[in-house]
Amino acid sequence: MDPAVYCPSYAPFFGFAGVFASMAFSSLGAAYGTAKAGVGIAGIGPFRPELVMKSLIPVVMSGIIAVYGLVVAVLLAGQMSPTSGYSLFSGFVALAAGLSVGVGGLAAGYAIGIVGDYCVRGYARENRVFVTMVLILIFAEVLGLYGLIVALILNAKADNSVCNL
């Protein structure tokens, strides 16, 4: 096994692309969810200010999506070093892990934002909507959690031992 074949100099590019995808897409999802839910909160604030604190749940849940991406990005970046080899397999695993958590976070943030906006406005009219809103938000958040779990499983499969022969 020739390390030059399995550990080319461009292999870290795919690892860094995974780090980028992890942070960029999950942050975009968190930003969209925060902005969209924030519009709903701003809409009810002048009319029902006592509900604003309970209505912050979608914003908090959107922020958690970005944390998922940060965790995976730190794990992926921690495996790379300029002095040790990095296999092409590990690069592709890192890219898949970054896309998994990133696109999962993007979808979750989108869902949280839309549900948060409409449910917060509905909560201002009818208090019984609150439990339903929280349940739907939990199911939307789980989309990002699934991406995190898949990314962690993929990350555990990365192997650079072929580069140290």
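We count residues from 1, following the sequence as given.
- Side-chain contact between R121 and V39 is present, with heavy atoms from C-beta onward closer than 4.5 Å.
- Cluster annotation: L154 and F92 are assigned to distinct hydrophobic clusters (Ile/Leu/Val/Met/Phe/Trp/Tyr, side-chain heavy-atom contacts under 4.5 Å, transitive).
- In this structure, Y110 OH and L143 CG are separated by 13.5 Å, a value rounded to the nearest 0.5 Å.
- A heavy-atom distance below 4.5 Å is not found between the side chains of I112 and K36.
- The side-chain heavy atoms of M133 and L137, taken from C-beta on, include a pair separated by under 4.5 Å.
- Y118 and V131 fall into different hydrophobic clusters, where Ile, Leu, Val, Met, Phe, Trp and Tyr side chains are chained together by heavy-atom contacts under 4.5 Å.
- Residues A140 and A108 approach most closely at O-CB, 3.3 Å, considering heavy atoms.
- Under the 4.5 Å side-chain contact rule for hydrophobic residues, I149 and V67 share a cluster.
- Residue F130 places its CZ atom among more than 12 non-hydrogen atoms of other residues, nucleotides or ligands, all under 6.0 Å distant.
- Applying the 6.0 Å contact sphere to OH of Y123 captures more than 12 heavy atoms from other residues, nucleotides or ligands.
- Under the 4.5 Å side-chain heavy-atom criterion for Ile, Leu, Val, Met, Phe, Trp and Tyr, V103 and L75 are members of distinct hydrophobic clusters.
- The nearest pair of heavy atoms linking S87 to C7 is CA-SG, 3.9 Å.
- No option in D159, N160, N155 other than N160 meets the side chain to side chain donor-acceptor pair (under 3.5 Å) test with S90.
- Of the inter-residue distances, the one linking T34 atom OG1 with I65 atom CD1 reads 9.5 Å to the nearest 0.5 angstrom.
- Side-chain contact check for I114 versus Y32: some heavy-atom pair is nearer than 4.5 Å.
- When all heavy atoms are compared, the tightest approach of Y86 to A94 is OH-CB, 3.6 Å.
- In this structure, L148 CG and I153 CD1 are separated by 10.0 Å, a value rounded to the nearest 0.5 Å.
- Residues C163 and G85 share a closest heavy-atom pair of CB-CA, 3.7 Å.
- Within the 4.5 Å cutoff, the side chain of P58 has heavy atoms near those of the V120 side chain.
- Nearest heavy atom pair, residue S100 against residue G147, reads OG-O, 3.0 Å.
- When hydrophobic clusters are built by joining Ile, Leu, Val, Met, Phe, Trp and Tyr residues whose side-chain heavy atoms come closer than 4.5 Å, directly or via intermediates, V19 is grouped together with V72.
- Between Y6 and L88, every side-chain heavy-atom pair lies at or beyond the 4.5 Å cut-off.
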Start with the C-alpha distance between E141 and Y68, add both sets of side-chain angles, then the distance that settles side-chain contact (heavy atoms from CB on, under 4.5 Å), and finish with yes or no. CA-CA 11 Å; E141 178 83 23; Y68 294 162; 3.3 Å; yes
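- Distance check: L76 CG to L95 CG gives 9.5 Å after rounding to the nearest 0.5 Å.
- Between S55 and I44 there is a side-chain heavy-atom pair separated by less than 4.5 Å.
- For the atom pair NZ (K157) and CG (L152), the distance works out to 13.0 Å, reported to the nearest 0.5 Å.
- Between the side chain of S22 and the backbone N or O of G18, no donor-acceptor pair lies under 3.5 Å.
- At least one side-chain heavy atom of F25 sits less than 4.5 Å from a side-chain heavy atom of L99.
- Between V52 and G45 the shortest heavy-atom distance is CG2-CA, 3.7 Å.
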